[in-house]
Amino acid sequence: MNRLHRLLAVLLMLLSSPMAMAFDLADLQKQLSAPAVVSGNFVQEKHLRALAQPLTSQGRFVLARDHGLLWLLRTPLRQDYRIDASGIARRDPGGWQPLPSQSAGAQQNRLFFAVLQGDSSGLQRDFELSLSGDAEHWQLRLTPRSMLLKQIFTRIDITGGRFVERIVLAETQGDSTVLRMQDSRGASALSDSERRDFAD
């Protein structure tokens, strides 16, 4: 009987240990991709070595699991971007216009899309991933693999809980971009206007 008690005690210790309850990349991807739609506001700060104050822009985002990402810049200027399976497009008075897929802005937007989705398999093609923390407070560090990305970024740090909350892109030249996702919320479906934005 004592042996059985000892065995049960050891099993309980193992089950409650950090190793058994580890939060891994698969858990993170499942958590971030669970809502059909995630939307919220963002504040983006571009810190340039040559400027004392960061360049700040603000807007709204809509991430739809089955459609893509709307990136709706509102200040200092209004500009809408859409990222989906067909690529990246910018809206002008004539509708959505495709952008060259190799532009720096397009590559950064694709990266945001992968990060917000928790697409660890997509990110692992280009980065070494290091995850720490738990489901409520986690940090993911991306270290570039390819020579091309190493020329642009030294690292990318992403923190969050239920949703992505903060992204920091540290560039090799000493500049950095800090992106704060605010008031994020999940939904089961797109609004009518959001559905039109993805359909147009």
Side-chain angles (χ1 to χ4, degrees), residues 18-19 21-35 38-49 54-65 67-71 73 81-85 87-88 99-182 184 186:
M19 290 301 290
M21 303 301 286
F23 183 68
D24 62 17
L25 289 168
D27 295 326
L28 178 60
Q29 180 164 341
K30 184 177 180 182
Q31 177 170 305
L32 293 180
S33 63
V38 177
S39 61
N41 300 309
F42 69 82
V43 177
Q44 181 173 310
E45 295 178 352
K46 181 72 176 177
H47 296 263
L48 302 174
R49 289 174 304 156
L55 302 173
T56 302
S57 57
Q58 299 180 39
R60 185 169 175 273
F61 73 93
V62 179
L63 175 67
R65 188 174 56 211
H67 299 276
L69 173 67
L70 295 173
W71 197 253
L73 190 62
Y81 295 90
R82 181 177 69 188
I83 307 170
D84 59 20
I88 301 176
L99 289 180
S101 61
Q102 297 306 312
S103 71
Q107 291 182 2
Q108 182 167 298
N109 285 342
R110 265 198 304 276
L111 174 62
F112 287 159
F113 186 34
V115 166
L116 292 171
Q117 277 192 311
D119 180 11
S120 58
S121 59
L123 292 171
Q124 280 176 318
R125 285 193 296 268
D126 298 318
F127 298 92
E128 295 281 349
L129 306 185
S130 174
L131 178 65
S132 59
D134 57 30
E136 294 182 4
H137 304 283
W138 52 265
Q139 177 170 334
L140 179 64
R141 172 160 289 186
L142 282 62
T143 305
R145 289 179 187 271
S146 71
M147 287 307 298
L148 176 62
L149 285 168
K150 285 178 180 178
Q151 291 170 11
I152 304 170
F153 302 113
T154 57
R155 70 182 187 283
I156 298 170
D157 289 324
I158 305 146
T159 54
R162 182 182 176 197
F163 305 113
V164 172
E165 296 169 1
R166 190 168 184 263
I167 304 171
V168 180
L169 299 97
E171 300 174 21
T172 54
Q173 304 291 324
D175 300 335
S176 64
T177 300
V178 179
L179 184 65
R180 297 194 305 276
M181 322 300 288
Q182 302 173 327
S184 294

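As the structure is a prediction and not an experimental result, all values here were calculated from the model. What you see below is based on every heavy atom in this structure, not just the backbone, and it leaves out hydrogens, waters and symmetry mates.
In this structure, Q139 and D157 have side chains that are in contact, with non-hydrogen atoms separated by less than 4.5 Å. Taking the side chain as every heavy atom from C-beta outward, Q151 and T172 never approach each other to under 4.5 Å. Q124 places a side-chain heavy atom less than 4.5 Å from the side chain of L25. Between I156 and V168, the closest side-chain pair of non-hydrogen atoms is not below 4.5 Å. By the 4.5 Å heavy-atom criterion applied to side chains, N41 and Q58 are not counted as neighbours.
A salt bridge links E171 and K46; the closest N-O separation between the charged side-chain nitrogens and carboxylate oxygens is under 4.0 Å.
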* Asked: When you look at F42 and L73, which way does the side-chain contact (heavy atoms from CB on, under 4.5 Å) test go after all the steps?
  -> CA-CA 9 Å; F42 69 82; L73 190 62; 4.1 Å; yes
* Going through the distances and angles, do Y81 and L99 end up as a side-chain contact (heavy atoms from CB on, under 4.5 Å)? -> CA-CA 10 Å; Y81 295 90; L99 289 180; 3.8 Å; yes
* Asked: Do D27 and W138 pass the side-chain contact (heavy atoms from CB on, under 4.5 Å) test, and can you show the C-alpha distance, the side-chain angles, and the key distance before you say yes or no?
  -> CA-CA 11 Å; D27 295 326; W138 52 265; over 6 Å; no
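One finds the CZ atom of R125 at 12.0 Å from the OG atom of S146 (value rounded to the nearest 0.5 Å). Rounding to the nearest 0.5 Å places CD1 of I152 at 10.5 Å from CD of Q173. In this structure, L131 CG and Q29 CD are separated by 12.0 Å, a value rounded to the nearest 0.5 Å. The structure places CG of L169 at 9.5 Å from OG1 of T154, a figure rounded to the nearest 0.5 Å. R180 CZ to Q44 CD: the interatomic distance, rounded to the nearest 0.5 Å, is 11.0 Å. The CZ atom of R155 lies 16.0 Å from the CD atom of E128; values are rounded to the nearest 0.5 Å.
Nearest approach of G133 to F23, heavy atoms of both residues: O-CB, 3.7 Å. Listed here is the closest heavy atom pair of I158 and V164: CG2-CG1, 3.8 Å. Considering every non-hydrogen atom in both S184 and M181, the closest pair reads OG-CB, 4.1 Å. F163 and P35 make their closest contact through CE2-CG, 3.9 Å (heavy atoms, listed as atom of the first residue, atom of the second, distance). The two residues A170 and S176 have their closest heavy-atom pair at CA-CB, 4.3 Å. The two residues R82 and D84 have their closest heavy-atom pair at NE-OD2, 3.6 Å.
At distances below 3.5 Å, at least one donor-acceptor pair connects side-chain atoms of R65 with backbone N or O atoms of A34. Using modelled atom types, no side-chain atom of S130 and backbone atom of R141 make a donor-acceptor pair closer than 3.5 Å. D126 contributes no side-chain N or O that, together with a main-chain N or O of R145, makes up a donor-acceptor pair within less than 3.5 Å.
By the 30° and 60° cut-offs, the orientation of the rings of W71 relative to F61 is tilted.
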